[in-house]
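All values derive from a computational prediction rather than experimental measurement. Quick note: residue numbers are just sequence positions, from 1.
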Amino acid sequence: MPTLMVRYKVKDEGVPEVLAAVQATFAAVEAKRLPGLRYAYFHHPESREFFALLELEEGAENPLFGIPEARALQATVARHALGEAPTPQPWVALGSHGFAR
């Protein structure tokens with residue numbers, strides 16, 4: 001099961017917009033009840049840093065590409081990110097307690 005991580009910082013003024021876009025994305029994802037998708041988003045409460053984890057079943061296509069709110073989140077992040085727009089990077093789980101591995 002591939003795991004992808006996206007990590008980035010945004011401009012101060014972008015934090016509220018990114019937070020709202022994340023909430024809209026998760027509302028849409030939960031409404032669709034997408035099987036084979038594990039998705040989590042994190043924000044450091046005292047900084048402008050965010051990261052997301054995405055796990056897909058082996059061989060599954062990423063269903064987020066078909067969700068308008070997820071595409072809007074991507075555009076929001078690209079607009080407010082410090083530096084280049086972030087891209088998902090693959091990671092390998094070495095250990096886990098309570099998380100899928």
Side-chain angles (χ1 to χ4, degrees):
M1 185 174 291
T3 301
L4 301 172
M5 183 175 88
V6 177
R7 184 175 177 181
Y8 59 91
K9 288 184 180 180
V10 297
K11 303 169 201 158
D12 287 336
E13 65 272 12
V15 171
E17 194 174 339
V18 172
L19 290 171
V22 169
Q23 290 176 343
T25 297
F26 275 86
V29 166
E30 297 210 4
K32 293 191 179 292
R33 298 180 183 252
L34 301 167
L37 171 70
R38 289 185 184 87
Y39 186 41
Y41 227 96
F42 302 86
H43 170 239
H44 188 287
E46 296 175 11
S47 80
R48 300 166 293 156
E49 189 170 5
F50 292 83
F51 78 92
L53 294 174
L54 172 69
E55 270 189 349
L56 301 170
E57 287 184 0
E58 201 65 48
E61 294 292 320
N62 186 344
L64 296 177
F65 295 134
I67 299 175
E69 292 86 351
R71 289 193 314 274
L73 171 58
Q74 214 172 13
T76 300
V77 169
R79 190 169 51 255
H80 293 292
L82 295 172
E84 294 184 28
T87 57
Q89 301 295 317
W91 289 79
V92 176
L94 300 177
S96 176
H97 179 82
F99 285 94
R101 204 177 104 153

The salt bridge (Lys or Arg N to Asp or Glu O under 4.0 Å) partners of R71 (sequence neighbours excluded) come to none

side-chain hydrogen bond (donor to acceptor under 3.5 Å, both in side chains) partners of Y39, counting only residues at least two apart | none

With side chains defined as the heavy atoms from C-beta onward, is the minimum distance between V6 and V77 less than 4.5 Å?
-> no

Who are the ring pair (Phe, Tyr, Trp, His ring centres under 6.0 Å) partners of Y41, not counting sequence neighbours?
-> none

All heavy atoms of E49 vs all of H43, minimum pair found to be O-CD2, 3.3 Å

Which pairs with one or both residues in residues 18-37 pass salt bridge (Lys or Arg N to Asp or Glu O under 4.0 Å), sequence neighbours excluded?
-> none

State which residues pass side-chain hydrogen bond (donor to acceptor under 3.5 Å, both in side chains) with Q89; sequence neighbours excluded, sorted by chain then number.
-> T87

Name each donor-acceptor pair under 3.5 Å that joins a side chain in residues 14-27 to protein atoms two or more places apart or in another chain, with its distance.
from	atom 1	to	atom 2	distance (Å)
E17	OE1	H80	NE2	2.8
E17	OE2	R79	NH2	2.3
T25	OG1	A21	O	2.9
T25	OG1	E69	O	3.0

How many angstroms lie between CG in L56 and CG in L37, if you round to the nearest 0.5 Å?
-> 6.0 Å

Are W91 and L53 connected in the hydrophobic side-chain network, where two residues link if heavy atoms are under 4.5 Å apart?
-> yes

Heavy-atom check, side chain of P63 versus side chain of V29, under 4.5 Å | no

So, for N62 and L64, which heavy atoms are closest and what is the spacing to 0.1 Å?
-> OD1-N, 2.9 Å

